[in-house]
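The structure appears right after this line, and notes come after that.
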Amino acid sequence: MKKIACIFAIMAILMIVGCKNKEVANDAGATTDNFNKTGLPIVNDKITLNFVTSKPPQQQKSTEDLQVVKDLEKKTNIHINWDASSQGYAEKKNLMFASGDLPDAFFGSGSLSSSDLIEYGNQGMLIPLQDLINEYAPNIKKILDSNPDIKKKITAPDGNIYSIPMVHAEPGNALPEVIFINKVWLDELGLEIPKTTDEFEKVLQAFKDKDPNGNGKSDEIPFSFLYGNSLNGIFSFYGAFGVLDQPNHISVEDKEVSFTAITPEFKVATAYFNSLNNQGLIDPEAFTHDRTVYFAKGRGADTPLYGAFSGFIASNVIGPEFADQYIPIPPLEGPDGVKQWREDEAIAMAKGSFSITSANENPTITMRWIDELYTEENSIQWTFGPNGTNMKKNDDGTYDYIEPTDGLSFDEFRCTESPCYSSARSLLPETMQKIHPNEKDSTRLEYFDIYKPYMKKTVFPDVFFTLEDTQKLNTLTTDIIEFVDKKQAQWIINGNIDAEWDEYLKKLDDMKLDEFVDVYQRNYDDFMSE
C-alpha cells in the first residue's frame, strides 16, 4: 500500500512539473502548436499584447499606424495595443505601478528609470529576463555576450536583468548641447563671433536693440534655451565659469563625486544669467515653454527670431529653412579665462527601455517579439524609418539615408514612419559604420570637432544603486533637486542670489545633501571596483 501511495505521489509531482514546463513553453494560454520557438511568425494564431510607451513630439502618427510597426505585426503575427503618451508619461507610469494596473510591457528608450527597475523588480512587478534572454532572444544575448560592459550596467545588484537596454552609438553622441548664433545677424551688424562671456552679452544687446532681422519690429529674441533640458539647455554654458553642470547636479572628477549647485562657480554663473535676463536678453519663456513651443517659436515666423539658442542640431530648433543662418559658437571664455564643455558617453545607453511586467501572461512570446527589434535591420528601421521610405539598403549591406521631403528636418522625417527616439534598439559602432553619413551626421561631427578640445567628462555613469540606497534617493532626490532647480530659475529671473546664498546652503544641509552625495559616492566606488 505504501508502495502504491509513493508511486501516486511521484506521478503527481511529475504532472505538476510537466504542467509548469508547459506553461513556460506555451505562455499560459498559447498552445504548443501556436508558439514557434524560432523563425517567423512567432505565433500561428494572432495574439494581442498591451504596451505603454512615450511618444516623441516629432511623431505625428499614432504608433500603431507607423509603417515599421505594421510591418513587424505582419511578420510576427503579434498585434500590439499601444498606449502612447506625448505628455504626462511619467505620471501615467507611476499611477500604473501604484494601482497595480499594469500593461504587458513598458516599451521605449528610457521608459523606466534605474530606480523603477530596482524598486518594481524587487516588488515582483517587473519579471527577471535573463533566463528568457538566454532561451528565446538570440539577438539580445549576442549583444550582451559581446559587450560585457553593457551587460554589467543592466544587471541589478540582486543579479537579475529587469530590462533590455537601448544602445545607440550615433556620431557626435559625446557632445550634448551646442550654442548656435545667427551669423547673418552678426554680419548685418558688423559684429564678430563672440569669444568671451562679456562679448556674448554685448552681441545679445545688439541683437535686442538694432533690429537685425530688418522687419522694423522689436521681435528679436536675443537668447533662448529650454531650461532643464540636457540637449537644449545651459548646463555646459556654466563651464565658462568653472563648473560643468548636470541635470541632477551630480558631477564626478578624479573619482570624487560632488554637487555642482553649491559651488561658488555655480553662484557666479547664475548671477551672470540674471544679468542677461535683467537686460531683456533671455527669452521670457525659457523657463516655462516645452520642447514643442521652443521649436515652434524658432520656425514660426517669416524671419528668424532667435539670435542665439541652445540645441542638438540647429535645424531641429529653427527648421531647415533658417538652419544655414546659424553657426555653433566655440565654448566661451569666462571671467577667469576658463573654456570648457560637457562630454557625454560616446555610446548612449538607456537601460530601462523594455521591461515585461508580472501582468504579462505571454512573457516568452513577448521576449521573442522584442528580440526581433534587436536584429540590425529592424534596429535601423525602427530608429531611422523603413527601407524605401526613409532609408535605402544597398546590395553590399550598407545603408543610405533618403533625403527628407516636405521641408522636414531629418529628425522629423525619420519619425514619420517609426517611433525614432522612443524605440528600443541596438545601434552599436559596427552597425553605424554601415550607414553612410548624411548631412545631420556630418554636421554633428563638425560640431564635435569644434568643441572636442574643450570637452571634459564629469557625468556620473548610469549605475544601479542598491535597493536600500534607491529607496533613500527616492526620498532625498525629489526635495533636493526640485528645491535647487526652483531657486536657480528664481535667481536667474529675479536675482538676489548673494543675499539668499547662505540660507540656501543651510536649507540643503538640512535636506541631508551630504547623505545624498555619499550615496552616489559609495555606489560609484562599488561600480568602479567590480
Side-chain angles (χ1 to χ4, degrees), residues 54-59 85-94 110 176-182 200-201 204-205 207-208 213 217-238 245-249 260-261 266-267 269-301 304-314 316-319 322 326 342 411-412 421 477-497 500 504 507:
S54 60
K55 181 180 174 184
Q58 295 94 328
Q59 180 189 317
S85 304
S86 55
Q87 293 182 338
Y89 170 79
E91 291 79 5
K92 174 188 288 187
K93 172 198 71 177
N94 293 337
E177 73 270 59
V178 171
I179 302 297
F180 297 93
I181 196 163
N182 193 314
F200 184 68
E201 182 176 344
L204 297 185
Q205 190 69 59
F207 286 169
K208 177 178 181 287
N213 65 13
K217 303 177 183 178
S218 182
D219 57 356
E220 290 85 357
I221 301 173
F223 182 41
S224 191
F225 50 85
L226 188 56
Y227 177 71
N229 186 282
S230 181
L231 301 181
N232 300 272
I234 52 175
F235 295 108
S236 290
F237 204 131
Y238 269 56
D245 202 12
Q246 305 287 348
N248 63 358
H249 308 294
T260 56
F266 180 91
K267 179 183 176 185
T270 303
Y272 169 80
F273 283 106
N274 170 245
S275 174
L276 297 185
N277 188 72
N278 286 344
Q279 300 172 70
L281 305 182
I282 290 179
D283 186 348
E285 295 183 314
F287 296 91
T288 57
H289 58 200
D290 61 17
R291 178 171 167 157
T292 301
V293 174
Y294 179 53
F295 286 12
K297 284 193 298 184
R299 12 169 126 198
L305 298 182
Y306 290 154
F309 65 88
S310 176
F312 188 76
I313 293 284
N316 286 1
V317 182
I318 43 77
F322 300 139
Y326 292 83
R342 288 194 302 147
D411 279 329
E412 293 167 326
Y421 295 107
T477 298
T478 301
D479 289 343
I480 290 174
I481 301 304
E482 283 187 0
F483 172 69
V484 169
D485 290 348
K486 181 179 179 180
K487 293 303 295 183
Q488 182 185 25
Q490 287 177 347
W491 285 332
I492 293 176
I493 295 170
N494 301 319
N496 211 35
I497 190 170
E500 296 179 3
Y504 163 79
K507 177 70 172 177

Self-check item: Gln488 vs Asp245 side-chain heavy atoms within contact, under 4.5 Å
Solution: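 Yes; the side chains approach each other to less than 4.5 Å.
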Before we go on, tell me: are the rings of [X] and [Y] under 6.0 Å apart, centre to centre?
{"X": "Phe309", "Y": "Tyr326", "value": "yes"}
{"X": "Phe225", "Y": "Phe287", "value": "yes"}
{"X": "Phe322", "Y": "Tyr306", "value": "no"}
{"X": "Phe273", "Y": "Tyr227", "value": "no"}

Exercise. Look at atom CD of Gln87 and say whether more than 12 heavy atoms of other residues, nucleotides or ligands are closer to it than 6.0 Å.
Key: no
Quiz item: Is the number of heavy atoms from other residues, nucleotides or ligands under 6.0 Å of Lys217 NZ greater than 12?
Solution: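 No, the 6.0 Å shell around NZ holds no more than 12 heavy atoms from other groups.
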Roughly how far, to the nearest 0.5 Å, is the [atom2] atom of [Y] from the [atom1] atom of [X]?
{"X": "Asn274", "Y": "Gln279", "atom1": "CG", "atom2": "CD", "value": "10.0 Å"}
{"X": "Ile282", "Y": "Ile234", "atom1": "CD1", "atom2": "CD1", "value": "6.5 Å"}
{"X": "Ile492", "Y": "Asn278", "atom1": "CD1", "atom2": "CG", "value": "11.0 Å"}

Exercise. Test side chain to side chain donor-acceptor pair (under 3.5 Å) on Tyr294 and Asp283 and set out the steps.
Key: CA-CA 10 Å; Tyr294 179 53; Asp283 186 348; over 6 Å; no
Where [X] and [Y] come nearest, the two heavy atoms and their spacing:
{"X": "Ser310", "Y": "Ile179", "result": "CB-CD1, 3.8 Å"}
{"X": "Ile497", "Y": "Ala271", "result": "CG2-CB, 4.2 Å"}
{"X": "Ala314", "Y": "Phe180", "result": "N-CZ, 3.5 Å"}
{"X": "Thr292", "Y": "Pro57", "result": "OG1-CB, 3.8 Å"}
{"X": "Ser218", "Y": "Lys208", "result": "OG-O, 4.4 Å"}
{"X": "Leu226", "Y": "His289", "result": "CD1-O, 3.0 Å"}

Quiz prompt | Arg342 side chain vs Ser230 backbone, donor-acceptor pair below 3.5 Å | solution =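 At least one qualifying donor-acceptor pair exists.
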Practice problem: Could you list the residues that satisfy salt bridge (charged side-chain N to carboxylate O under 4.0 Å, His left out) with Glu201, not counting sequence neighbours? | Solution: none
Exercise. Please list, chain by chain and in numerical order, all residues satisfying ring pair (Phe, Tyr, Trp, His ring centres under 6.0 Å) with Phe235, sequence neighbours excluded.
Key: none
